[in-house]
Amino acid sequence: MTKEQSQELKEQGYTIIRNQIDEKWLNLLSNEMDKAFQEHRNIQLYNKNDINSGGVALHVLLSSPVFVEFLQTLIENGFIQSLQDNFFHSKCILNSLSALNNLPNQPNFSAIVHRDLRFYSGDFPIMLNCLIMVDDFTIDNGGTYLLTGSHLEERKPTDEEFFANAYQATGKRGDILIFNANVWHSSSPNTTQDNRRAIPFTISKSFMKQLLDYPRAIGYDKIDSFTYEMQQFLGYHSRIPASLDEWYQPEENRFYKKYQD
């Protein structure tokens with residue numbers, strides 16, 4: 001993230017990093033997303049979940065190792081470090097990673113004006129939203145709406161105020177939209193006949209509860225298959241002990257670990 005992008009994030013509440021993901025990874029992610037959409041739809045229907053549209057695969061991280069491998073590249077190429085340096089000013093962990101397809105004429109829950117925090121955190125840097133554009137984002141296919149500067153005040157705008165003043169983020173496949181989790185935003189209707197897919201993921205301070213317990217879901221026994229940096233990013237070093245035995249462990253075995261520089 002450049003100084004200019006960091007300043008945009010601070011003042012506007014959002015910025016776009018262009019041409020961040022290469023074609024090799026976009027193709028791999030695209031293939032795994034399409035398989036995950038069907039898998040997740042089957043689970044939603046089986047459980048009579050209230051998601052009434054396809055193209056929603058929440059916590060897609062659990063559907064394929066490709067998504068974990070992709071996160072490792074974001075660590076290795078310095079992307080995660082740049083967010084830590086320019087926004088969090090500390091280590092951070094993955095809060096959620098999903099896949100969404102803004103299907104033609106099939107709006108989903110993301111079309112509601114919302115924040116991805118249940119409380120207003122003010123200027124405390126608690127969570128960031130990142131949205132990888134797997135397809136081009138255009139005005140017609142539903143580029144994300146964001147209300148500029150709305151991270152600076154707690155008040156929720158009316159829908160009329162929001163849509164009259166919102167910026168619509170557009171970009172090319174491989175761009176990443178980054179915005180403060182306090183920013184009011186929504187998807188917009190896809191009036192084309194084509195898909196508009198994205199991978200939204202949120203990153204938070206390590207003490208914030210993940211939307212899904214990734215270490216437990218992936219498996220505590222899998223911890224040694226990840227680099228130390230990936231263990232920390234997935235939340236393996238931010239677990240909560242559930243017994244006195246787990247609490248009274250030597251430092252190297254503790255659930256909540258000190259950060260290594």
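All residue numbers in this chain count up from 1 along the given sequence.
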On the 0 to 90° scale, with breaks at 30° and 60°, tag the Phe255-Tyr220 ring pair as parallel, tilted or perpendicular. tilted
Is a donor from one side chain sitting under 3.5 angstrom from an acceptor on the other, for Ser121 and Asn182? yes
Tyr214 and His59 aromatic ring geometry - parallel, tilted or perpendicular at 30°/60° bounds: perpendicular
Whether the Gln5 and Thr15 side chains hold a donor-acceptor pair (N or O, under 3.5 Å, no angle test) is what I'd like checked. no
Any residue meeting ring pair (Phe, Tyr, Trp, His ring centres under 6.0 Å) with Phe37, in chain and number order, not counting sequence neighbours: none
List, by chain and number, the other hydrophobic cluster members for Phe162, where Ile, Leu, Val, Met, Phe, Trp and Tyr join if side-chain heavy atoms come within less than 4.5 Å, directly or indirectly. Val113, Tyr145, Leu147, Phe163, Trp184
Which pairs with one or both residues in residues 223-250 pass salt bridge (charged side-chain N to carboxylate O under 4.0 Å, His left out), sequence neighbours excluded? none
Once salt bridge (charged side-chain N to carboxylate O under 4.0 Å, His left out) is applied, what residue pairs with a partner in residues 174-187 remain, sequence neighbours excluded? Arg18-Asp175
Answer yes or no: are there more than 12 heavy-atom neighbours, outside Asp123 itself, under 6.0 Å from its atom CG? no
For Gln210 and Leu234, indicate whether the former's side chain and the latter's backbone hold a donor-acceptor pair under 3.5 Å. yes
After noting the C-alpha distance and the side-chain angles of Glu161 and Asn165, does the key distance pass the side chain to side chain donor-acceptor pair (under 3.5 Å) rule? CA-CA 6 Å; Glu161 179 184 2; Asn165 296 284; 5.3 Å; no
My understanding is that only residues two or more places apart in sequence, or in another chain, count here; which of them pass ring pair (Phe, Tyr, Trp, His ring centres under 6.0 Å) with Tyr167? Tyr14
Charged N to carboxylate O below 4.0 Å: is that the case for Arg197 and Asp135? yes
With Ile16, which of Leu131, Ile178, Ile176, Leu177 fulfils side chain to side chain contact (heavy atoms under 4.5 Å, CB included)? Leu177
Verify, without hydrogens or angle tests, whether Asn141 (side chain) and Asp136 (backbone) share a donor-acceptor contact under 3.5 angstrom. yes
If we ignore hydrogens and angles and just use 3.5 Å, is the side chain of Ser188 paired with the main-chain N or O of Gly143 as donor and acceptor? yes
Using a 4.5 Å cut-off between side-chain heavy atoms of Ile, Leu, Val, Met, Phe, Trp and Tyr, which other residues end up in the same hydrophobic cluster as Leu244? Trp247, Tyr248
